[in-house]
Amino acid sequence: MIKKILIVDDSIVARMGLKKAIPKDMPYEFYEASDGASGVEQFKTVAPDVVFLDLTMPVMTGFQALDEIMKIDKNAAVIVVTADIQKKTMDRVLEAGALLVISKPPSQEEIRSSLEKAGKFKEGVMKR
Amino acid sequence: MNPGHRDILTELEKDAFKEIINIAFGKAAASLADIIGLYVILSVPKIEILQPGEIQQFIEREINETKGLNIIEQYYIGKIRGAAFLVLSYENSKLLLSLLDGAEQQESLNFSSIAMLEQETVTEIGNIIIGACVSKTAELLKDFVTYTPPRFIGGKFSGYDLPQKLFDKETYAIVLKTLFQFENKDISGHLFLINSVESLDWLKKAIHDYMKHYGYE
C-alpha cells in the first residue's frame, strides 16, 4: 500500500500540480525536494513508497538522482515526470530502473493510474 | 498591471512560465533529435525581467563570449509576442553542418559557398528550435502565433537594437533563456525568448488558466 510519496522537482508549481492531482481517497504523507541531491537525501531519511522525479533540475539532475536511489533500494518505485520527451530519455530512465515515465504536464488520470501501478509493484503483483 | 515595474510577475507566475518553457523546450529538443539523430541534453531554463536596454548585456553575459558567434533571429506574433534568438559559436555551426550534410559535400565547395551553407544550416536549425519551442508555449497558453522568417543577423549583439514597436524603453521584457547541448559532440547553443509585455494582463491570465487546468491552483 502506498503511504509516503516523495515529489522531486525544482518547480514549485509542478510539485503543487502533482500533489493536487493525487486522489484524496487515502491519507498520503507528502515529502518534497527541489533538486536531485536533496531528493536523494529525503529518500534516505523518509524511505518513501513512491517517488515522482523530474529530470532537468539544478545541483543534481534527475538521471543522477535515479541512479543514486536505485543504488539505495533496487526495488524503489520511481515515476519519472519529465518535459524531455526524447525516446532515448525514456529508454534510459526505464533501463536505469524507473517504473514509469510520464510526460509533462501530466493529466490527473496519468497520475492516478501511475500511482495504482506503483501500488501493485510494491505489493509484488506487477513487475517492473 | 503597470508594465513599468520589475515585479510584473509574481514568483509563482515566473515559476509557472519557466515550467511552460521547460515543457516547450522539451518538445523542441525532441524535434531536433529526430532530425539530426543526436541526443539533446536539456538545462534548467532561466527567467529574468529586464528593461530593453539591459537585454544585450544579459545575453552577452549568459553566452560568455561576444565574438565568433552565429545568431539567428525570429519574431513571433500572437497575444504572446516577442523576439527569439538562437546563438551558436562558429565552431558549433561548422560541426552542425558536418552532421547534417557530411564532410564530403563541403569538400566540393569553395570557401564562400561553405560559409553560405553554414548560415543556411544554422538558420534552419534556428527555425526548427524556435518554432517548436514557441509553438508549444503558445499551445500551452491557449494562444496562436505567426512568425517572421528566421534571419541570420551575424556574429555579435553589440549594436543590435530591439524594435521599439515591440519593446518600449520605459517598460520591461520577460526574458527566458535555456542552454542545449548535444551528447558526445562538443556542440551547444543558447536560446533566448524576449517576450514583450504589451499583453501583460492577458499573459498573467493565461498563466493562471494553465495552472488551473493542470491542477496547480
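All values below come from the heavy atoms of this structure, side chains included, with hydrogens, waters and symmetry mates left out. In the text below, chain A, chain B and the rest are named by the order of the sequence lines, each starting its count at 1.
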Where on [X] is there a heavy atom nearer than 4.5 Å to chain A: the side chain, the backbone, both, or neither?
X	value
Ser43(B)	backbone
Ile21(B)	neither
Leu32(B)	neither

Show, in sequence, the C-alpha distance, side-chain angles and deciding distance for Lys87(A) and Asp34(B), and conclude whether the side chain to side chain contact (heavy atoms under 4.5 Å, CB included) test is met.
CA-CA 9 Å; Lys87(A) 189 182 175 300; Asp34(B) 274 353; over 6 Å; no
For a 4.5 angstrom cut-off between non-hydrogen side-chain atoms, does [X] reach [Y]?
X	Y	answer
Ile41(B)	Phe63(A)	no
Val13(A)	Glu13(B)	no
Ile23(B)	Ser103(A)	no

For atom [atom1] of [X], is the number of surrounding heavy atoms from other residues, nucleotides or ligands below 6.0 Å larger than 12?
X	atom1	result
Glu123(A)	CD	yes
Lys27(B)	NZ	no
Lys120(A)	NZ	no
Ile12(A)	CD1	no
Lys24(A)	NZ	yes
Gln57(B)	CD	no
Phe144(B)	CZ	no

Is the backbone N or O of Ser11(A) less than 3.5 Å from a side-chain atom of Asp15(B), with the two atoms forming a donor-acceptor pair by type?
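A pair under 3.5 Å: no.
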Nearest heavy atoms of [X] and [Y], plus distance in Å:
X	Y	result
Val44(B)	Thr56(A)	N-CG2, 3.6 Å
Ala33(B)	Gln86(A)	CB-OE1, 3.3 Å
Asn22(B)	Lys104(A)	ND2-NZ, 4.1 Å

Pick one of side chain, backbone, both or neither for Thr82(A), based on which atoms fall under 4.5 Å of a heavy atom in chain B.
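For Thr82(A), neither part sits under 4.5 Å from chain B.
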Show your working on side chain to side chain contact (heavy atoms under 4.5 Å, CB included) between Tyr39(B) and Thr89(A) and close with a plain yes or no.
CA-CA 8 Å; Tyr39(B) 184 67; Thr89(A) 297; 2.6 Å; yes
Working to the nearest 0.5 angstrom, can you tell me the gap between Met16(A) CE and Met211(B) CE?
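Between atom CE of Met16(A) and atom CE of Met211(B) there are 5.0 Å.
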